[in-house]
J.: 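My questions all concern the structure below.
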Amino acid sequence: MERSQREKLTEELTLVLLYLTSFTEKQCPNVRMAWKTHDWTALDDLAEDGFMVPPHNRKNYTRYLTDEGVEKAK
């Protein structure tokens, strides 16, 4: 199904917000993490598009951005 313009915009804004609030930890400096308090559909779409690592468990509150996701957010 084709995503509407509003859904695409929500996805892009969610990615930017995830990036702006993301962080790294000392033991994994190349992994950008963010807390997921955003629209579930947008998060699922971002993972499907390869901008985030798909979660193993939807109840996990940490989401991981891929290198492609970081670049797109910038």
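Just so we're clear, the structure is a prediction, and the values are computed from it rather than from any experiment.
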J.: Starting from L9 and following side-chain heavy-atom contacts under 4.5 Å between hydrophobic residues (I, L, V, M, F, W, Y), which residues can be reached?
T.: L13
J.: So which pairs with a foot in residues 9-24 pass side chain to side chain donor-acceptor pair (under 3.5 Å), sequence neighbours left out?
T.: R3-E11, S22-R32
J.: So which atom in L43 and which in R63 form the shortest heavy-atom distance, rounded to 0.1 Å?
T.: CB-NH1, 3.6 Å
J.: Any non-hydrogen side-chain atom of L65 less than 4.5 Å from a side-chain atom of L15?
T.: yes
J.: Quick one: salt bridge (charged side-chain N to carboxylate O under 4.0 Å, His left out) partners of D67, sequence neighbours excluded?
T.: none
J.: Is there a chain of hydrophobic side chains (I, L, V, M, F, W, Y, each step under 4.5 Å between heavy atoms) that links L17 to F23?
T.: no
J.: Of all residues at least two apart in sequence or in a different chain, which pass the side chain to side chain contact (heavy atoms under 4.5 Å, CB included) check with Q27?
T.: E25
J.: So which heavy atom on G50 is nearest to which on T66, and how close?
T.: O-OG1, 2.7 Å
